[in-house]
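Nothing here was measured: the structure is a model prediction, and the numbers come from that model.
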Number of protein chains: 2
Amino acid sequence: MSATLQTVADALGVSRSTVSNAYSRPDQLSPALRERILETARELGYSGPNPTARSLRRGRVGAVGVLFTGSLTQAFTDPYAVQFLGGLAQATERRDTGLLLVPLSADDPDGAQRALAEAAVDGFCVYCAPNWQGSLAVINARSLPVVTTENPTEAGAATLVVSIDERGASRTAGEHIVGFGHRRIAVLDTWVTTERRNGPVRLPDPESLPFYISRERICGVRDAVVAAGGSWSDVLVLNARDNTRADGAAAAAHALDRAQRSTAILATTDVLALGVLDAMAARGLRPGHDVSVTGFDDIPDADRSGLTTIHQPSTEKGRIAGELLLDAPEDPALRRKVLPTSLIVRSSTGPAPVGSSS
Amino acid sequence: MSATLQTVADALGVSRSTVSNAYSRPDQLSPALRERILETARELGYSGPNPTARSLRRGRVGAVGVLFTGSLTQAFTDPYAVQFLGGLAQATERRDTGLLLVPLSADDPDGAQRALAEAAVDGFCVYCAPNWQGSLAVINARSLPVVTTENPTEAGAATLVVSIDERGASRTAGEHIVGFGHRRIAVLDTWVTTERRNGPVRLPDPESLPFYISRERICGVRDAVVAAGGSWSDVLVLNARDNTRADGAAAAAHALDRAQRSTAILATTDVLALGVLDAMAARGLRPGHDVSVTGFDDIPDADRSGLTTIHQPSTEKGRIAGELLLDAPEDPALRRKVLPTSLIVRSSTGPAPVGSSS
DNA sequence: GTACCCTTCTAAATCGATACAGTAGACCGG
DNA sequence: CCGGTCTACTGTATCGATTTAGAAGGGTAC
């Protein structure tokens with residue numbers, strides 16, 4: 001069944017090299033012979049050089065690995081992730097490079113490590129995974145280029161980074177909220193605790209959070225609150241089971257249904273924030289009047305829903321990540337990029353309701 | 001820099017085979033030696049067998065290719081697609097197999113074909129792409145297993161298929177609608193025409209549509225209408241630019257804003273249907289009263305929005321596709337599976353408004 | 001006619017591993 | 001002490017291509 005270069009070469013009485021050239025370097029042989037070779041190949045059912053063999057010889061695979069925490073479904077549920085991946089794909093496609101999804105299942109750490117060690121790729125993109133099950137160590141051992149969108153500190157010195165000022169951006173949202181006079185504030189995030197449930201969490205010190213993005217975004221809010229004379233201990237911390245709209249709504253219920261209802265809920269992702277809006281709609285609460293809500297990412301749905309949020313250039317982030325990975329600059333200064341963000345004010349935020357100051 | 005099996009073997013004075021066995025077949029050597037080998041490897045910075053070389057020798061790559069039409073962003077915008085992929089990932093992960101995304105850019109047919117010919121994979125999954133740029137021909141030439149969720153007829157005899165009865169399912173939705181007395185009916189789909197715009201389209205004969213899913217779902221509606229004594233020419237056909245909520249809303253506007261407003265809009269995907277609901281909300285129209293709306297797929301948001309739709313087991317479809325691909329049964333009867341669907345009636349459908357019969 | 005170049009093709013080395021057959025030595029029963 | 005069976009390891013062929021240096025043949029310049 002499986003024909004090889006040699007098969008075709010033998011059939012025509014030419015050398016293997018020539019057949020190879022017919023596919024990979026057309027300028028190295030006469031057009032006439034090339035045509036005969038391709039013709040013969042077609043007859044023999046030979047569909048071109050074996051990609052694996054070619055990769056071995058060339059030392060280039062033509063794919064980059066994309067790491068995921070948790071299930072793939074979950075990883076793609078967030079439109080931010082999808083946009084980022086779209087950008088990444090744009091960049092890699094231009095260089096004839098594919099994207100290999102490498103799921104890191106939490107149930108099976110060994111399997112995850114094996115998957116990383118055995119993935120045939122030219123580099124890795126770590127975009128939504130914290131240092132999961134020692135995955136970074138495995139990756140670094142392979143001495144392949146790695147680009148991450150997260151933790152610039154935890155990443156090795158050789159790692160490529162494209163990031164945003166998570167803490168500063170989040171602080172902007174916090175300042176926007178305290179500027180409106182809000183004092184009963186809640187922050188909503190995923191996996192603030194290892195218990196996977198929807199509800200309030202005690203978090204004495206947000207600096208101690210292990211997950212970079214959670215830590216930075218929550219600390220940003222804290223900074224704004226403290227700068228305005230407030231105290232971190234007054235901020236209600238809510239955990240959502242997963243980064244989904246439904247879990248956002250369920251977790252937000254705890255802030256909305258208690259006696260002293262929070263007047264502002266700052267979610268660390270738009271998906272969660274939209275869940276908050278869902279929960280409010282179910283209770284007849286008006287965004288921006290009864291309760292103010294902010295998100296993070298500025299996904300397309302945010303605009304539709306009038307959600308005040310932090311815009312970050314998701315697609316561009318992916319594109320740049322891809323370019324860095326495939327064309328890693330030597331200059332250390334060029335190996336780390338920080339992209340701008342901006343606060344987008346829409347209708348989901350407004351002045352604190354009167355009489356809510358207590 | 002790059003250590004190989006041989007490097008490690010030489011350093012220890014053992015044979016290359018033994019080092020290989022230390023990684024791949026631990027039972028073939030004494031635990032003590034194995035430990036020494038792994039230790040030495042670590043010191044030399046050798047991170048395990050080169051995946052490409054291993055693939056070549058083993059004849060198995062450990063990845064399956066997933067084909068996309070259009071941009072990756074678009075392919076992942078539909079929760080149905082994400083669920084399907086999640087199921088696929090479940091099945092492949094269990095077999096230590098990764099997912100390689102292969103984008104088929106419309107701009108660059110040659111690039112798309114090259115990507116297919118050069119993808120290092122053990123099989124292909126074609127799940128949302130029609131026969132794009134002759135992609136099926138390229139794939140078939142490689143004589144790798146292929147699974148598709150679509151067109152059972154266009155697919156070669158060797159192709160694995162996991163599908164649903166698209167036409168029958170869609171007809172069920174149509175019967176539900178005509179059963180409610182609706183006669184001013186619109187169908188909404190993506191790419192009914194090659195012009196990419198939102199709005200009405202003349203479609204004398206739906207059987208002539210080139211895209212399988214569009215054709216089948218639309219014909220299903222037609223069958224229901226005709227069976228109820230109606231005529232296809234009375235059905236308004238709307239095209240949405242892309243399969244997005246926003247485009248669904250924009251296209252639906254044409255059915256909602258005209259003098260003789262459609263009393264029912266049957267969308268071929270939930271995403272489009274949710275767009276229709278958006279458009280209705282913007283106009284103060286009540287789903288199930290003023291206008292009935294149906295979707296297709298039963299994505300999570302459908303439930304939240306009270307959308308009547310056709311449920312299909314998306315995740316399971318992906319899982320089965322993965323299993324078929326990695327464990328293709330010989331028996332032709334087992335190579336094609338048809339999964340059940342069901343009509344889920346929610347609040348977005350109801351009796352035609354009185355006096356709408358003209 | 002010789003020297004030189006260009007085009008077109010070939011031969012051999014190489015990429016980094018795995019599979020399989022085979023060997024050396026230990027151990028055991030009789 | 002011999003045949004037989006294990007265990008632990010080695011040697012060689014092989015997977016399917018690319019690459020490099022170089023050879024054959026024809027053409028051109030002087």
Side-chain angles (χ1 to χ4, degrees), chain A residues 1-38 40-41 44-62 96 114 117-122 142-144, chain B residues 1-38 40-41 44-62 96 114 117-122 142-144:
Chain A
M1 191 64 246
S2 62
T4 73
L5 271 189
Q6 190 72 67
T7 320
V8 179
D10 292 348
L12 272 165
V14 300
S15 84
R16 185 164 69 238
S17 320
T18 303
V19 181
S20 173
N21 284 333
Y23 285 93
S24 307
R25 294 160 62 166
D27 56 314
Q28 294 295 304
L29 71 170
S30 66
L33 177 55
R34 178 171 135 93
E35 202 36 68
R36 271 174 57 216
I37 290 178
L38 297 183
T40 309
L44 291 173
Y46 177 73
S47 59
N50 177 309
T52 308
R54 163 181 289 201
S55 295
L56 175 59
R57 184 60 241 240
R58 287 197 171 161
R60 175 177 182 279
V61 177
D96 286 327
R114 209 176 45 238
E118 296 183 1
V121 295
D122 297 316
R142 293 190 55 179
S143 54
L144 290 175
Chain B
M1 188 69 242
S2 62
T4 73
L5 270 189
Q6 190 72 65
T7 319
V8 179
D10 292 348
L12 272 165
V14 299
S15 84
R16 185 166 69 239
S17 316
T18 303
V19 180
S20 172
N21 285 333
Y23 285 94
S24 308
R25 292 159 64 166
D27 57 312
Q28 294 294 305
L29 70 173
S30 66
L33 177 56
R34 178 173 134 94
E35 202 38 67
R36 272 175 57 218
I37 290 178
L38 296 183
T40 308
L44 292 173
Y46 178 73
S47 60
N50 177 308
T52 308
R54 166 181 286 203
S55 295
L56 175 59
R57 184 60 242 235
R58 286 196 170 162
R60 175 178 181 278
V61 177
D96 287 326
R114 209 176 44 237
E118 295 182 2
V121 294
D122 297 316
R142 292 191 56 179
S143 55
L144 290 173

Identify, residue by residue, the members of residues 8-15 of chain A with a heavy atom below 4.0 Å from DNA chain C, and return them in order of residue number, or none.
A/G13, A/V14, A/S15
If you measure from [atom1] on [X] to [atom2] on [Y], what distance do you get to the nearest 0.5 Å?
{"X": "B/R142", "Y": "A/N50", "atom1": "CZ", "atom2": "CG", "result": "7.5 Å"}
{"X": "A/R36", "Y": "A/L38", "atom1": "CZ", "atom2": "CG", "result": "11.5 Å"}
{"X": "A/E118", "Y": "B/S47", "atom1": "CD", "atom2": "OG", "result": "11.0 Å"}

B/V19 vs B/V14, test: side chain to side chain contact (heavy atoms under 4.5 Å, CB included). Steps then yes/no.
CA-CA 8 Å; B/V19 180; B/V14 299; 3.8 Å; yes
Do B/T52 and B/S55 have side-chain N/O donor and acceptor atoms under 3.5 Å apart?
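Result is no, nothing qualifies.
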Are a donor atom and an acceptor atom from the side chains of A/S20 and A/S17 found within less than 3.5 Å of each other?
no
Test item: B/I37 and B/L29 side chains (from C-beta on) under 4.5 Å apart, heavy atoms:
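Yes; the side chains approach each other to less than 4.5 Å.
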Check whether any side-chain heavy atom of B/Y46 lies under 4.5 Å from a side-chain heavy atom of B/T40, and answer yes or no.
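Contact flag for B/Y46/B/T40 side chains = no.
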Derivation of the side chain to side chain contact (heavy atoms under 4.5 Å, CB included) call for A/V61 and A/V121:
CA-CA 6 Å; A/V61 177; A/V121 295; 5.6 Å; no
Determine the minimum heavy-atom distance between A/A119 and B/P51, stating which atoms define it.
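Looking at all heavy atoms of both residues, the closest pair is O-CG, 3.6 Å.
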Using the heavy-atom set of chain B and a strict 4.0 Å cut-off, write down the first and last nucleotide of DNA chain C that makes it in, 5' to 3'.
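Nucleotide range in contact with chain B: C/dG16 to C/dA19.
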In B/S/- notation (B base, S sugar-phosphate only, - none; protein heavy atoms under 4.0 Å), nucleotides 16-25 of chain D written 5' to 3' is BBBB------
